[in-house]
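Just below is one structure, and these are the notes that go with it.
Model, not experiment: these values are computed from the prediction. Below, chain A is the first sequence line, B the second, and so on; all start at residue 1.
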Amino acid sequence: MDTINPNLRISGPATATIDVGDAHSPITVIGNDAIRQTFDDQTIQQAINSRLAPGVTDVVLNPDAHVGYGAPVGCVMLSPTHVYPGPVGVDIKCSMSLLQTDIPADEIVSQTVRRKLIQAIGKRVPSGAGRGQRHVPKSRPVDGRLGFQLTTEGASKNVLKKLGIPKAWADRCEDWHHTAPDGSSDTLAARLEFLGRNRDSLDRLESKYRQLGSYGGGNHFGEAEVVRFAKDQASREVAQSFGLRDGHVAFLSHCGSRGLGHDLAMGQFRSLKTSFQKQGLAFPAGDPQLVYADARSDEGRLYLCDMAMGANFATVNHLMINQLVLEAFREVFPSVRGELVYFISHNIVRQEQVGQQLQWVHRKGATRAFPARHPGLQRTPFAETGHPILLPGNPRDGSSVMVALPGAERSAFSVNHGAGRRMSRTKAKKMLDQHQIDTELMNHDILSNCRQYPRDEAPDAYKDFNQVLASVEQAGLATEVARLEAKFVIKDGAPADD
DNA sequence: ATGTAC
């Protein structure tokens with residue numbers, strides 16, 4: 001038996017199911033033989049707990065799945081009625097973005113040029129827990145008023161204008177803004193005023209606004225890439241239509257809603273947990289991380305308001321980072337042009353039509369994957385092709401841009417969000433050799449802003465990205481249109497001294 | 001993920 005779970009049954013190429021009893025449809029598992037070996041008992045147990053939780057009608061486990069908060073990171077949870085804040089997580093709307101420049105790969109062969117770019121980015125975009133605008137000399141200052149506006153409006157024309165971000169980039173966002181469930185930004189404004197009702201809470205909010213345009217710690221990163229189109233003509237045409245440029249430099253970012261999203265999420269976990277205890281309600285599978293609310297209840301709507309505000313901050317944060325990175329490139333290449341290819345989340349709950357039902361689709365470390373002519377893409381630049389799917393792998397093996405196939409319906413129009421952790425951070429720090437990691441990156445000609453690359457973020461701390469991608473393609477969910485080859489990485493870690 | 005916690 002090649003799997004630890006006796007109830008796991010192969011149901012197609014790189015696709016399996018886990019039965020959870022006759023009353024429920026089984027869990028869908030995406031992963032080939034190699035990938036199915038990577039799911040540990042706790043991950044499977046979390047998938048089962050999520051599947052059996054109240055109001056949940058479907059769960060998909062993706063190839064990058066590993067243990068998470070309540071539900072596995074790398075899963076999709078569907079409910080027509082309920083929202084689950086835990087699975088959305090503390091980093092509300094953690095996302096990927098890709099900025100395409102017109103710089104040919106040849107121009108960044110020189111390590112000196114790349115060092116200059118790393119420094120120019122470092123002057124504008126801070127990274128690491130707690131870090132914000134005061135930590136860098138060339139940030140874009142955000143006062144309380146603008147912070148309030150962008151948190152309630154998202155990437156509105158006014159917000160983008162005030163921040164010097166091209167307004168066309170809003171069209172390249174999966175969602176350029178998020179509102180309250182009643183469709184209003186004013187409802188969010190009222191909620192945010194309430195959250196900042198006293199001096200202390202207002203100070204705290206304003207300190208979070210000042211993190212706009214920054215990376216966090218952990219797996220957040222920025223990476224300069226060389227774009228390599230796939231070989232087949234159809235994929236090349238899709239890549240071209242996305243605005244990608246073969247053999248040119250692009251910049252990939254992974255970041256979320258920083259301290260603001262964290263505070264909003266934690267606030268919700270706390271109050272929902274208290275409310276469960278007061279009512280004597282049992283947590284699903286006894287796990288407080290699986291607290292939930294009916295989406296139409298007061299509590300559910302309040303959660304969706306706070307999530308929307310975290311998501312708005314995350315959206316503008318990403319766009320700000322991209323503009324600051326473009327300005328950094330301009331310091332080294334004065335005539336550079338850059339355009340946002342796409343911005344897409346992997347930690348969010350959205351209401352979507354799935355089959356016959358309108359569902360709350362919780363993507364926890366999962367990426368939306370709408371193929372060509374999906375109704376959700378009407379009036380977007382991607383209606384006829386499907387939208388770009390941005391998948392970070394690791395610096396050594398590369399990252400990927402994919403596009404969904406009609407088969408994505410079997411995974412609730414979702415794919416993985418990256419490679420997925422193979423080792424815990426503690427295990428990686430213990431097991432992986434610092435010198436080996438740094439030497440390997442050097443041998444691949446990959447530079448970094450860190451003197452020592454964080455061991456718990458090393459390529460070998462993650463699953464085999466090629467097997468993850470192979471699983472997605474074998475299952476018929478999506479196909480690769482371009483590979484991204486890392487040339488330098490910006491991460492939170494010991495800074496290089498030169 | 002997060003100036004690490006009810």
**Message:** Does anything in residues 255-267 of chain A come within less than 4.0 Å of DNA chain B? Heavy atoms only, and list the residues if so.
**Reply:** A/Arg258, A/Gly259, A/His262

**Prompt:** Atom CG of A/Asn317 to atom P of B/dT2: distance rounded to whole Å?
**Reply:** 10 Å

Without placing hydrogens or testing angles, list every side-chain donor-acceptor pair under 3.5 Å for residues 91-100 of chain A, not counting sequence neighbours.
residue	atom	partner	partner atom	Å
A/Asp91	OD1	A/Ser257	N	2.9
A/Asp91	OD1	A/Ser257	OG	3.4
A/Asp91	OD2	A/His220	NE2	2.8
A/Lys93	NZ	A/Asp175	O	3.0
A/Lys93	NZ	A/His178	NE2	3.1
A/Lys93	NZ	A/Thr315	OG1	2.7
A/Ser95	OG	A/Lys93	O	2.6
A/Ser97	OG	A/His318	ND1	3.2
A/Ser97	OG	A/Asn322	ND2	2.9
A/Gln100	OE1	A/Arg245	N	3.0
A/Gln100	NE2	A/Val249	O	3.1

**Prompt:** Can you tell me how far CG of A/Leu390 sits from OG of A/Ser253, rounded to the nearest 0.5 angstrom?
**Reply:** 10.5 Å

**Request:** Sequence neighbours left out, what passes side-chain hydrogen bond (donor to acceptor under 3.5 Å, both in side chains) with A/Trp176? Give chain and number order.
**Result:** none

**Asked** A/Thr57: what forms a side-chain hydrogen bond (donor to acceptor under 3.5 Å, both in side chains) with it, not counting sequence neighbours?
**Response** A/Gln359

**Asked** Within the structure shown, what part of the strands sits under 4.0 Å from A/Lys273 by heavy-atom distance: base, sugar-phosphate, or nothing?
**Response** nothing

**Message:** Rounding to an integer number of Å, can you tell me how far A/Tyr69 OH sits from B/dA5 C1'?
**Reply:** 12 Å

**Asked** To the nearest Å, how far apart are A/Arg270 CZ and B/dT2 P?
**Response** 16 Å

**Message:** Under 4.0 Å, heavy atoms only, any strand: does A/Gly89 hit a base, just the sugar-phosphate, or nothing?
**Reply:** nothing

Scan the side chains in residues 68-77 of chain A for donor-acceptor partners under 3.5 Å anywhere in the protein, sequence neighbours excluded, and list what turns up.
none

**Item:** Interatomic distance where CG belongs to A/Asn347 and P belongs to B/dT2 [whole Å]
**Value:** 12 Å

**Fill in**
By nearest-heavy-atom nucleotide on DNA chain B, the more 5' of A/Gly218 and A/Arg204 is A/Gly218

**Message:** What is the separation between atom CZ on A/Phe269 and atom P on B/dT4, rounded to the nearest whole Å?
**Reply:** 17 Å

**Request:** Apply ring-ring contact (aromatic ring centres under 6.0 Å, His included) to A/Phe488 and list each qualifying residue two or more places apart in sequence or on a separate chain.
**Result:** none

**Request:** Check the distance between B/dT2's C1' and A/Tyr215's OH and give it to me in whole angstrom.
**Result:** 19 Å

**Between B/dT2 (C1') and A/Asp492 (CG): distance, integer Å** = 12 Å

